[in-house]
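Written below as C-alpha cells is the structure these notes are about.
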Amino acid sequence: MPILLLAQGDDEAKHLLKQAIEARYGIRPPALESLRVDFKGRTRAKVGPVTTWIPVEVRAYFQFPTSLRWDFSVKKIGIQLQSGVEAYDGNIYHRVRGNNRAETVTDAEQIDSMQKRLWAMAALLLTPLSENYIKLKIEDTYQFKAENTQLHNAVHVHLRPDYTLAHVKVTCLNPDSGREQLFDLRLDEEQVLIHDLMLPKKIKVFWDDDIALELKPVAAETNPQFPRSTFTLETSEIG
C-alpha cells in the first residue's frame, strides 16, 4: 500500500514521518494491525556481587492501538535467572514475575511508565505513528513528538539526516531504580529483513546514559490473531 498518513498535527512533522517510513520500508509499508516480534540479546544483571552481561530472550506483542505485552527471560548457562511479563489490555496493567501468579498493578506511576515504554517500542516500527489516533508535533530539524491520544502518552522521535530512525525517547519511571529517567531506544542504522518486515539490526535500551539492554530481532509475525488472554494474562505462561 502507498504511504498514507492519517495522523493529526504539523505538516513538517508529517513530512518527517513519511520520509522515515519510506527510509525503512520503501513506498509500500506494511499495514500492521497486530504484530509479534522475537528478540535475542543481552542485558545488564547482577550475579552475586558483580553486574555483568547476561543472555536474554524477549517476545513483544502489539495489538494496535492500545494492547501491548512484553515477555522476557534471562538465562545463564541454561539456568533461568529471571523472567517476567508486562501487559496492558487497553484498560488494565497486568504483570508476572518469575513463577508467581499474574497480578494487577494499580499504581498510577507504574502504569504510566509501562505504557510509555511499550508505546516507545511500538513507535520504533514507525507505521503505527501514521494512524488517526496519533498527533504529531515538530520539535527540531529531524525531531518530532508523537502522541498516542488513546493512551495519552507521547514519545520523542529522532531521525538521522538520511531519515532513518536513530532514537525513540520518553521520560518515565525506571521500575528498577524507582526514579524518573530518560528511556532511550537507540537504533542501528543498518536494517535487516525479518520474515518480510524490515527492522533495525540492533536496538540498544538506555536509562539516561546507562545501557541496560541490547536486542536483535530474530523472528516476526505480522497481523496474527491473539486471544484475549494474551493481554489480560488470564494464564501466566510466558511466550
Side-chain angles (χ1 to χ4, degrees), residues 20 37-60 62 68-77 79-88 93 95-98 105 107-126 139-140 142-148 151 153-160 164-192 199-218 238:
V37 184
D38 292 342
F39 300 92
K40 288 187 177 181
R42 58 181 189 164
T43 185
R44 300 286 290 172
K46 193 169 185 178
V47 181
V50 179
T51 299
T52 185
W53 285 107
I54 300 293
V56 64
E57 295 181 2
V58 171
R59 173 168 285 182
F62 304 97
L68 313 161
R69 172 171 163 168
W70 175 269
D71 297 15
F72 71 91
S73 178
V74 179
K75 298 180 180 180
K76 184 174 178 64
I77 319 177
I79 300 173
Q80 184 165 288
L81 301 179
Q82 187 180 4
S83 65
V85 180
E86 289 185 294
Y88 182 70
Y93 173 22
R95 181 173 65 188
V96 174
R97 285 293 180 267
V105 178
D107 180 79
E109 193 172 18
Q110 290 190 50
I111 294 170
D112 180 69
S113 174
M114 185 281 303
Q115 288 179 340
K116 286 178 177 176
R117 287 182 281 118
L118 291 183
W119 175 236
M121 291 297 298
L124 71 81
L125 299 166
L126 292 171
E139 293 188 315
D140 207 340
Y142 295 103
Q143 179 182 333
F144 62 92
K145 181 172 73 172
E147 179 187 357
N148 184 322
L151 289 178
N153 279 316
V155 294
H156 303 274
V157 179
H158 299 246
L159 307 179
R160 300 182 181 90
T164 57
L165 183 57
H167 298 263
V168 179
K169 300 180 179 182
V170 65
T171 299
C172 59
L173 176 72
N174 181 338
D176 294 325
S177 71
R179 296 184 288 111
E180 286 274 319
Q181 293 182 255
L182 181 66
F183 181 70
D184 182 4
L185 302 177
R186 303 184 187 182
L187 283 62
D188 262 16
E189 189 170 1
E190 185 177 354
Q191 300 178 157
V192 292
L199 293 169
K201 185 176 181 179
K202 183 184 291 185
I203 302 164
K204 296 180 180 180
V205 180
F206 283 75
W207 286 104
D208 294 331
D209 292 322
D210 295 326
I211 189 167
L213 187 63
E214 289 185 355
L215 295 174
K216 292 183 178 180
V218 295
I238 294 178

Item to check | Arg59 bridged to Asp71 by N-O distance under 4.0 Å | outcome: no
Item to check | Electrostatic pair Glu86-Arg95, nearest N-O below 4.0 angstrom | outcome: no
Checklist entry - Could you go step by step and tell me if Leu182 and Lys169 meet the side-chain contact (heavy atoms from CB on, under 4.5 Å) rule? => result CA-CA 7 Å; Leu182 181 66; Lys169 300 180 179 182; 3.9 Å; yes
Enter the distance from [X]:[atom1] to [Y]:[atom2] here, rounded to the nearest 0.5 Å.
X	Y	atom1	atom2	value
Glu139	Phe144	CD	CZ	9.5 Å
Trp207	Arg117	CH2	CZ	5.5 Å
Leu124	Leu165	CG	CG	7.0 Å
Leu68	Leu151	CG	CG	6.5 Å
Leu159	His167	CG	NE2	10.5 Å
Phe206	Ile211	CZ	CD1	4.0 Å

Keeping [X] on the side-chain end and [Y] on the backbone end, is there a donor-acceptor pair under 3.5 Å?
X	Y	answer
Ser113	Leu173	yes
Asn174	Asp176	yes
Asp140	Gln143	no
Thr43	Ala212	yes

If you take all heavy atoms of [X] and [Y], which pair is closest and at what distance?
X	Y	result
Arg97	Gly84	NH1-CA, 3.9 Å
Pro217	Leu199	CB-CD1, 3.7 Å
Leu126	Ala20	CD1-O, 3.5 Å
Tyr93	Met114	CE1-CG, 3.4 Å
Phe183	Val205	CE1-CG1, 3.4 Å
Arg160	Asp188	NH2-C, 3.6 Å

Checklist entry - Can you name the ring-ring contact (aromatic ring centres under 6.0 Å, His included) partners of Tyr88, sequence neighbours left out? => result none
Checklist entry - Which residue pairs pass the salt bridge (charged side-chain N to carboxylate O under 4.0 Å, His left out) test when at least one of the two sits in residues 202-212, sequence neighbours left out? => result Arg186-Asp209
Checklist entry - What is the ring orientation for Trp70 with Phe39, classed by angle as parallel under 30°, tilted 30 to 60°, or perpendicular over 60°? => result tilted
Checklist entry - Does atom NZ of Lys216 have more than 12 heavy-atom neighbours from other groups under 6.0 Å away? => result no
Between [Y] and [X], is there a side-chain heavy-atom distance shorter than 4.5 Å?
X	Y	value
Val58	Asp38	no
Ile54	Arg42	no
His156	Val170	no

Item to check | Glu180 and Thr171: CA distance, side-chain angles, deciding distance, side-chain contact (heavy atoms from CB on, under 4.5 Å) verdict | outcome: CA-CA 7 Å; Glu180 286 274 319; Thr171 299; 3.6 Å; yes
